[in-house]
Amino acid sequence: MDYNELLNKAKSASEHAYAPYSKFKVGACVLTEDDKTYCGCNFENSSFGLTICAERNAIGSAIVYGARKIKAVAIYSPNTKLCYPCGACRQVLCEFSDNNNMDIVLECDEGICVQNLNELLPKGFIL
Ligand code: THU
């Protein structure tokens, strides 16, 4: 699948983010090994620590439909800086990757930037 399309889905998802506390909206869209896509957005809570990131929400959406292997994830936030996945999300992405190999698709000024999970989380924990 074209990563532009994946990023567009992440953009649409970011519009539904529930971020009244940080005002930092994020959308994510995962691409599974059988080329299906599942989206998520962040949703915060008055008890701040209960916040769920967009990436983990997207993974949950994929898991509930039986997906287990994710090839790529697009992450979009309508802010000036690129929205790299937080440490916790990197580990959760690792769990559903093929040996820590997954494209992380972000949008930057020059266009789309793609990095691999194994660069962002070297030696991710796998049982
Ligand atoms: N956030 C994400 O959704 N994904 C990330 O990888 C980084 C942070 C959210 C959590 C919180 O709602 C807001 O961004 C500010 O931290």
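Position 1 is the first residue of the sequence; numbering continues from there. Ligands are counted one by one from 1 in listed order, and the atoms in each one are counted from 1 as well.
- Between Lys71 and Asp98, no side-chain nitrogen of the basic residue sits less than 4.0 Å from a carboxylate oxygen of the acidic one, so the salt-bridge criterion is not met.
- A salt bridge is defined here as a Lys NZ or Arg NE, NH1 or NH2 lying under 4.0 Å from an Asp or Glu carboxylate O, and Glu33 with Arg68 fails to meet this definition.
- Taking a cut-off of under 4.0 Å to the non-hydrogen atoms of Thr51, the atoms of ligand 1 that pass are 10 (C), 11 (C), 12 (O).
- Shown here, atom 14 (O) of ligand 1 is in close reach of the protein: a heavy atom of it lies under 4.0 Å off.
- Of all the atoms in ligand 1, the ones that sit under 4.0 Å from a non-hydrogen atom of Ser22 are 13 (C), 15 (C).
- Taking every non-hydrogen atom of Pro85 and a distance limit under 4.0 Å, the qualifying atoms of ligand 1 come out as 6 (O).
- The atoms of ligand 1 that sit less than 4.0 Å from any heavy atom of Glu44 are 11 (C), 12 (O), 13 (C).
- With rounding to the nearest 0.5 Å, the separation of CD1 in Ile70 from SG in Cys94 is 11.5 Å.
- At a 4.0 Å heavy-atom cut-off, ligand 1 touches Tyr84 through the backbone alone.
- Separating the CG atom in Leu121 from the CE atom in Met102 is a distance of 10.5 Å, to the nearest 0.5 Å.
- Around atom 5 (C) of ligand 1, the closest heavy atom drawn from Glu55, Arg56, Arg90, Lys23 belongs to Glu55.
- Judged by distance alone, the side chain of Asp103 and the main-chain N or O of Val105 form no donor-acceptor pair under 3.5 Å.
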